[in-house]
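These notes are about the structure you will find just below.
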Protein chains: 2
Amino acid sequence: MDVVRDQLRSAILAGDLAPGSRLSVPELARQLGVSRSPVREAVLLLVGEGLAVEQSRRGVEVARLELADVLELYELRISLEGLAARHAAERMTNTDLVALRGVLDAQGAAAVGDARSFRELDHRFHEIVSQTCGNTRLARHAALLAREMRLAGPLMVNGPWHLRQSHEEHRTIERALRQRDGPAAENAMRDHLTRVCQSVRHHHSPNHHSSAP
Amino acid sequence: MDVVRDQLRSAILAGDLAPGSRLSVPELARQLGVSRSPVREAVLLLVGEGLAVEQSRRGVEVARLELADVLELYELRISLEGLAARHAAERMTNTDLVALRGVLDAQGAAAVGDARSFRELDHRFHEIVSQTCGNTRLARHAALLAREMRLAGPLMVNGPWHLRQSHEEHRTIERALRQRDGPAAENAMRDHLTRVCQSVRHHHSPNHHSSAP
DNA sequence: TTTCAGATTTCTACATGTAACACTCTCCAT
DNA sequence: ATGGAGAGTGTTACATGTAGAAATCTGAAA
């Protein structure tokens, strides 16, 4: 069942199962070539993770995020990932720092034009920081929120200026982590997520619809 | 299945299924008088909620919390419930405030001696604040963390002085909420949870084992 | 008494059966 | 043409079947 759940989760996060798609247990079981039991269990767990929602009387469908949902998620991520960054600064091993640097270098290259890769690497960056914080529950909840946010695809701001700006902020965070400066890492992470949140908000405000700043 | 899950959750939180108890699907199905399917699904969801854990090769058992787990949980609650309190201050209806006051009055009475009722009312207090914050995901995650913490039973500090102290701090939080002072509510909530966390930590430190301050 | 091999029981994980229910489509009456 | 009854389809939720693995128990030999 773990396998089925991972497959479904990947399909959702990759967009193969778009937000709003109905998750019919018999249908998915046929497509995946397994029985309905593991599929049903996997779907229930995905609901628990927030990636799918039970429509009353209509079965389960992939979660559809409104702007308000994205703002909710950012507010939580600011809090949790800020905390995680502070602790990560004191606990990161050299291996972690090397991995982080690798992700950032790849992201620097992707920042020009390849928004898809950029988002993937962005996710990896935040994941490394959260998973290194030493608080297993913090890591778990931060991962849930970050994953849920990946359903927001079309609401995100993908303009080249925004990508480069995010990348610079990631560098700032990485610098604080490398210097083992917890408070600086926390502030940098909070500032980063706050600014991105503002970008999303303004990008979807009634009177501002270009993707440049 | 929702029914079965709620029954199991209640049984766990009430201590009828003590931490470490094995959750055998066939056994529980027999006891609850239903088939194995809904029980299996409920158990999987409880694992997702953190109330149970999958032991590799040994099935599922009710989660067992160490001191370190409780400290992790407090750190997260400080962050999330602080945030929730700030928003709750700006969104609480009069009805909510009346309910909160009611809980505190009952708690004031229970603070002398009845640790069990006190904990129950403590949980209700924090629940009201979290559920009123206006951020559905914040409410959901705060509820998960608060529930998980209820598994810590024997680790908690139940001395009368601590109960009264907690109650006073709840009053301070309620005052800030009533005055719609967001920052004050956040600070009061953070201070409260921070102090309780310190109490737990010191109560279990190697050289301090009395329950008085 | 201790130890180890085999038998027995129990569990998990997946597959499949089925009743009740909600949707949709068709076709007839107005 | 339109509205509504009713068949047909698909789904959910629960029940049950079963293979394979793990734990435990049993009993005989050292």
Side-chain angles (χ1 to χ4, degrees), chain A residues 1-13 15-65 136 140 144 147-148 151, chain B residues 1-13 15-65 136 140 144 147-148 151:
Chain A
M1 187 273 290
D2 285 0
V3 181
V4 174
R5 185 193 51 190
D6 292 347
Q7 280 181 284
L8 287 180
R9 202 180 12 231
S10 299
I12 289 173
L13 294 178
D16 298 337
L17 290 168
S21 310
R22 303 219 26 235
L23 293 177
S24 154
V25 171
E27 175 66 19
L28 291 171
R30 250 167 275 143
Q31 289 179 14
L32 297 175
V34 296
S35 78
R36 300 180 327 253
S37 308
V39 174
R40 179 173 161 83
E41 288 159 13
V43 167
L44 286 173
L45 288 179
L46 291 177
V47 170
E49 292 180 17
L51 296 181
V53 291
E54 294 204 58
Q55 303 282 76
S56 61
R57 306 165 177 269
R58 226 198 276 217
V60 173
E61 67 173 45
V62 178
R64 236 190 305 241
L65 296 193
T136 59
R140 215 163 64 88
L144 285 172
R147 277 211 294 250
E148 192 177 349
L151 291 174
Chain B
M1 187 272 288
D2 286 1
V3 181
V4 173
R5 185 193 50 191
D6 291 348
Q7 280 181 283
L8 286 180
R9 207 189 356 243
S10 298
I12 290 173
L13 294 178
D16 298 337
L17 290 167
S21 310
R22 301 219 27 234
L23 294 177
S24 154
V25 170
E27 175 65 19
L28 292 171
R30 252 168 274 143
Q31 290 179 13
L32 297 175
V34 296
S35 78
R36 302 182 324 256
S37 307
V39 174
R40 179 172 160 83
E41 288 158 13
V43 167
L44 286 173
L45 289 179
L46 291 177
V47 170
E49 292 180 19
L51 295 181
V53 291
E54 294 204 57
Q55 303 280 77
S56 61
R57 305 163 178 271
R58 227 197 277 214
V60 173
E61 67 173 46
V62 178
R64 239 190 303 241
L65 296 194
T136 59
R140 214 162 64 88
L144 285 172
R147 276 210 296 250
E148 192 177 349
L151 291 174

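Throughout, a chain's letter reflects where its sequence line sits, starting with A, and its residues are numbered from 1.
Once you apply a 4.0 Å limit to the heavy atoms of chain B, the touched nucleotides of DNA chain D run 5' to 3' over dC14(D) to dA22(D).
Applying the side chain to side chain contact (heavy atoms under 4.5 Å, CB included) rule to Arg22(B) yields no partners; only residues at least two apart in sequence or on another chain are considered. The side chain to side chain contact (heavy atoms under 4.5 Å, CB included) check on Val60(B) picks up Leu23(B), Val43(B), Val47(B), Ala52(B), Glu54(B), with sequence neighbours excluded. Remark: Val25(B) engages Arg36(B), Val39(B), Arg40(B) in a side chain to side chain contact (heavy atoms under 4.5 Å, CB included) (not counting sequence neighbours).
If you measure from atom CE of Met1(A) to atom P of dT12(C), you get 13 Å, rounded to the nearest angstrom. In this structure, CD of Glu61(B) is placed 16 Å from C1' of dT12(C), rounded to the nearest angstrom.
In terms of heavy atoms, Arg147(B) sits closest to Leu13(B) at O-CD2, 3.6 Å. In terms of heavy-atom proximity, Arg140(B) sits nearest to Gly48(A) at NH1-O, 3.6 Å. Closest of all the heavy-atom pairs between Leu151(A) and Ala63(A) is CD1-CB, 3.8 Å. For the pair Pro38(B) and Met1(B), the tightest heavy-atom approach, listed with the atom from each and the gap, is O-CG, 3.5 Å. The two residues Pro19(B) and Val62(B) have their closest heavy-atom pair at CA-CG1, 3.6 Å.
In this structure, Arg40(B) does not reach the dT12(C) phosphate: none of its side-chain N or O atoms is under 4.0 Å from OP1 or OP2.
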Got a list of protein N/O to nucleotides 18-24 of chain C N/O distances below 3.5 Å?
{"from": "dA22(C)", "atom 1": "OP1", "to": "Arg57(A)", "atom 2": "NH1", "distance (Å)": "3.4"}

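Residues from residues 22-32 of chain B with heavy atoms under 4.0 angstrom of DNA chain C, sorted by number: Leu23(B), Ser24(B), Val25(B), Pro26(B), Arg30(B).
Between the CD atom of Glu148(A) and the CD1 atom of Ile12(A) there is a distance of 11.5 Å, given to the nearest 0.5 Å.
Between Leu44(B) and Leu44(A) there is no side-chain heavy-atom pair separated by less than 4.5 Å.
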